[in-house]
Amino acid sequence: MSDIDAKNKGVLYVVATPIGNLDDMTPRAIETLREVDLILAEDTRHSGKLLKKFSITSRMKAFHDHNERKISTELIERLKGGEKIALISDAGTPLVSDPGYYLINSAQQEGIRIVPIPGPCALIAALSASGLPSDKFTFHGFLPSRTKARQKKLQELKSETGTQIFYEAPHRLKDTLDDIKDILGSARMACMARELTKRYETIRTGTLIDLTHWLSENPEQCRGEIVLVVEGHHEKHTEEGEDQRVLEVLLEYLPPSQAVAAAVKLTGGKKNQLYRMAQKKSQE
Ligand code: SAM
């Protein structure tokens with residue numbers, strides 16, 4: 001494509017918007033949305049409130065999973081004709097568990113300039129505050145909602161060494177966290193980041209057994225928007241190491257005999273060995 005062609009073509013902006021706190025809207029996002037010919041929004045009523053708050057009057061068009069393919073051809077024609085179009089989602093960064101992949105991919109193949117306007121993203125906010133390793137991580141979006149499929153997916157992730165990140169709906173949180181604990185191991189560290197940037201923001205990091213225990217005692221924490229960040233697999237999660245870590249957590253809540261009995265049930269570890277560990281711990 002020559003420079004002249006590029007100049008005559010429009011621009012497709014991919015604009016991140018807040019994930020709760022409207023003060024996270026960046027000046028560049030506001031300026032871009034004010035200047036474009038068209039804003040593509042998942043839910044025009046929802047985004048209408050955001051646009052009103054920032055006095056953005058550009059036209060909006062609904063763009064979601066159900067019409068993305070159907071309207072992309074028309075949008076590409078408009079971009080080729082020189083229009084400037086912005087894509088936003090209900091919250092955060094478009095394409096991150098949100099629509100837009102097909103459009104961006106098609107526009108790129110047509111040589112249209114694509115400009116990201118970066119900003120909030122729930123997975124990055126959660127990872128940055130989780131206290132878990134951030135040098136290597138994998139984002140999985142939402143796990144399958146059906147139990148069997150979810151458990152199968154988690155089995156596949158069992159030996160992944162990088163930090164694993166999931167989005168989850170509140171009504172599935174308890175079941176998902178139980179599956180993660182049972183399949184990836186109760187001694188792994190994990191972080192539940194809830195309602196980020198909002199009034200009831202909660203960021204809790206602990207072993208998976210601690211988190212599930214805490215959640216059952218605080219059912220109100222099952223509400224709102226949630227990101228789960230889970231430590232990757234390490235040698236310390238091998239059988240013996242895991243037995244010990246589970247026991248250590250249980251000893252914080254239970255007398256030694258009950259902690260050992262629970263640890264045997266949870267890990268399938270040897271009772272005598274766990275008893276010796278508990279005795280050693282009590283002498284420390
Ligand atoms: N595109 C968005 C982003 O950049 O994060 C994600 C959209 S996805 C459809 C919605 C999911 O993101 C929610 O179910 C939740 O798991 C996560 N999420 C969005 N906002 C959040 C927040 N304020 N706190 C925690 N999780 C959030």
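In each ligand, atom 1 is the first atom listed, and ligand 1 is the first ligand listed. Numbers here simply count residues along the sequence, with the first being 1.
- Shown here are the salt bridge (charged side-chain N to carboxylate O under 4.0 Å, His left out) partners of Asp210, two or more places apart in sequence or in another chain: Arg204.
- For the ring-ring contact (aromatic ring centres under 6.0 Å, His included) condition, the pairs that include at least one residue of residues 251-284, sequence neighbours left out, are His213-Tyr253.
- Counting only residues at least two apart or on different chains, the side chain to side chain donor-acceptor pair (under 3.5 Å) pairs with a member in residues 189-201 are Arg194-Thr202, Arg194-Gln221, Glu195-Lys198, Lys198-Glu225.
- In this structure a side-chain-to-backbone donor-acceptor pair under 3.5 Å is present from Thr205 to Ser130.
- With hydrogens and angles disregarded, a donor-acceptor distance shorter than 3.5 Å links the side chain of Asn218 to the backbone of Trp214.
- For Phe142, the CZ atom is densely surrounded, since the number of other residues' heavy atoms within 6.0 Å is greater than 12.
- The protein residues lying under 4.0 angstrom from ligand 1, judged by non-hydrogen atoms, are Ile19, Ala91, Gly92, Thr93, Val96, Ser97, Asp98, Cys121, Ala122, Phe142, Tyr167, Glu168, Ala193, Glu195, Leu196, Lys198, Glu225, Ile226, Val227.
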